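Working notes, structure below.
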Amino acid sequence: MAAREIFAGMPWWVKWVAVPVIALVVFGGLIASVVSFVFGVLFKLLVFVALVGGLIYVVRRFMSSSSSRGDW
């Protein structure tokens, strides 16, 4: 409740402009590193899924072509 009482007497621009800007300056590096980590993990996950999908495609294509040759 103390924070609400402190901000109650402040102008609107302090609450909605100055405080968020100060928070971005102080925690900007942390926020950027967390966002970078999340995007890095998502990119690696996407590459992993694409490689596994490609491997499954190649193996199925090879298996279907080898089984059709075995029917001769």
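What you see is a predicted model; the values in this text were computed from it and never measured.
Evaluation of the side-chain hydrogen bond (donor to acceptor under 3.5 Å, both in side chains) rule for Arg60 yields no partner, not counting sequence neighbours.
Residue pairs that meet the side-chain hydrogen bond (donor to acceptor under 3.5 Å, both in side chains) test with at least one member in residues 41-58, sequence neighbours left out, are Tyr57-Arg61. Residue pairs meeting the side-chain hydrogen bond (donor to acceptor under 3.5 Å, both in side chains) criterion with at least one partner in residues 10-32, sequence neighbours excluded, are absent.
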All N/O donor-acceptor pairs, side-chain side in residues 46-56, below 3.5 Å, sequence neighbours left out:
none

Pair up each side-chain donor or acceptor in residues 18-28 with any protein partner under 3.5 Å, not counting sequence neighbours, and list the distances.
none

Return all side-chain donor-acceptor pairs below 3.5 angstrom for residues 29-42, not counting sequence neighbours, or 'none' if the list is empty.
unit_1 : atom_1 : unit_2 : atom_2 : d
Ser33  : OG     : Gly29  : O      : 3.3
Ser33  : OG     : Leu30  : O      : 2.8

